[in-house]
There are 2 protein chains.
Amino acid sequence: MTVEEIKEKLYARGLKVTPQRIATYQALLELDGHPTAEDVKNYLAKNYPSITLGTIYNTLNTFVNNGLIKRIKSGSESTQYDVVLESHHHLYDTVSGRISDYYDEGIKDLLEEYFREHEIPGFEIEDIQIDIFGKPASQRTEENEE
Amino acid sequence: MTVEEIKEKLYARGLKVTPQRIATYQALLELDGHPTAEDVKNYLAKNYPSITLGTIYNTLNTFVNNGLIKRIKSGSESTQYDVVLESHHHLYDTVSGRISDYYDEGIKDLLEEYFREHEIPGFEIEDIQIDIFGKPASQRTEENEE
DNA sequence: CTTATTGCAAACGGTTTGCAGCATT
DNA sequence: AATGCTGCAAACCGTTTGCAATAAG
């Protein structure tokens with residue numbers, strides 16, 4: 001992706017086009033896997049040593065809020081524990097951040113069957129867990145009814 | 001679950017049976033959902049105010065390491081970001097701990113269809129992500145073939 | 001020229017750690 | 001009696017925030 005295209009992306013969101021933002025976005029493109037803020041900082045260390053970690057965090061948050069990137073694992077919240085050891089799925093309430101259990105044998109069967117036909121090369125599946133992100137159902141909000 | 005049973009559980013793991021551990025385990029059983037260390041502390045505030053947050057953390061870690069409970073979302077690690085916006089899944093290598101992306105539109109369709117028929121009461125799905133746990137396919141490891 | 005963004009450093013919140021005292025075995 | 005656990009406080013680490021200086025539109 002060219003610098004021009006990055007600029008357009010920023011512009012399209014109404015964001016100011018700053019060197020820090022361009023550099024951060026480039027770093028994300030360049031870095032393999034799922035970089036952390038630190039990774040970005042390290043990557044930029046050579047060409048752009050003056051950029052601050054704080055700025056990178058701000059920039060990443062801005063990107064997330066504008067739908068330019070996704071946050072994969074949010075480390076800010078507290079760790080949650082579970083006494084229930086059986087395999088089950090999780091509902092992530094994207095509003096409150098609460099996680100609740102979701103039991104459904106049907107899904108398990110469905111997925112097991114699916115993966116029997118679509119094996120993942122070089123990978124032996126031990127367990128499958130589904131993370132379902134969403135929010136409390138708008139119980140028939142007035143504005144949504146047709 | 002009775003106190004006796006909890007004691008047995010601890011004993012079975014070779015852990016010392018202390019009031020703090022019993023209380024913490026009880027709290028986990030009693031608390032709905034996926035309590036945090038703070039939640040446990042709050043729960044115990046009335047009957048066991050002297051227990052420390054530090055101890056609770058230690059205790060929970062001990063429990064996790066001994067397979068008594070599971071950690072759901074580990075808050076200690078850094079947040080990871082992803083420029084790739086398409087919904088995709090993650091392969092967790094339970095041996096190395098590595099996470100890699102797994103793209104498969106088929107699953108998405110499958111799950112969307114499934115949940116169209118099996119709605120989750122009170123929950124509006126925004127995104128579904130699958131965590132597939134497993135290990136590199138045993139390509140005929142020496143120790144396993146007899 | 002206005003407003004948003006940056007850099008810096010200080011603050012924060014969750015979690016870990018070191019160590020002396022204490023409880024469990 | 002020996003070991004391992006607890007409590008406490010300090011340290012840690014990732015992240016956020018307040019504010020003055022600066023750059024983008």
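Chain A is the first sequence line, chain B the second, and so forth, proteins listed ahead of strands; every chain is numbered from 1. Here the structure is a predicted model, which means the values were calculated and not measured.
- In this structure, A/His118 and A/Tyr114 have parallel ring planes: the angle between them is below the 30° cut-off, well short of the 60° mark.
- The minimum heavy-atom distance linking B/Lys70 with A/Val84 is given by the pair CE-O, 3.8 Å.
- Taking a 4.0 Å limit (strictly below) on heavy-atom distances, residues 30-51 of chain B reaches DNA chain D at B/Ser50, B/Ile51.
- Residues that satisfy the side-chain contact (heavy atoms from CB on, under 4.5 Å) test with B/Lys16, not counting sequence neighbours, are B/Thr18, B/Arg21.
- Under the rule for a side-chain contact (heavy atoms from CB on, under 4.5 Å), the partners of A/Glu113 that lie at least two apart in sequence or sit in another chain are A/Arg116, A/Glu117.
- Computed from coordinates, the B/Leu53 CG to C/dG14 C1' distance equals 9 Å when rounded to whole Å.
- Residues from residues 2-18 of chain B lying near DNA chain D, meaning a heavy-atom separation below 4.0 Å, are B/Lys16, B/Thr18 in numerical order.
- In this structure, A/Gln20 does not reach the D/dA23 phosphate: none of its side-chain N or O atoms is under 4.0 Å from OP1 or OP2.
- Sorted by first and then second residue, the side chain to side chain donor-acceptor pair (under 3.5 Å) pairs involving residues 34-44 of chain A (not counting sequence neighbours) are A/His34-B/Asp82, A/His34-B/Asp101, A/Thr36-A/Asp39.
- Across the protein-nucleic acid pair, B/Asn58 atom CG and D/dG7 atom P stand 10 Å apart, rounded to whole Å.
- Following rounding to the nearest Å, B/Leu60 (CG) and C/dT16 (P) show an atom-to-atom distance of 10 Å.
- Heavy atoms from other residues, nucleotides or ligands lying under 6.0 Å from CG of B/Asp109 number more than 12.
- At most 12 non-hydrogen atoms from other residues, nucleotides or ligands lie less than 6.0 angstrom from OH of B/Tyr11.
- Listed by chain and number, the residues in a salt bridge (Lys or Arg N to Asp or Glu O under 4.0 Å) with A/Glu5 amount to none (sequence neighbours excluded).
- Distance, B/Ile22 CD1 to D/dT6 C1': 14 Å, rounded to whole Å.
- The distance between atom CZ of A/Phe63 and atom P of C/dT5, rounded to the nearest whole Å, is 11 Å.
- Dashed line: the shortest gap from a side-chain N or O of B/Asn61 to OP1 or OP2 of C/dT16 is under 4.0 Å.
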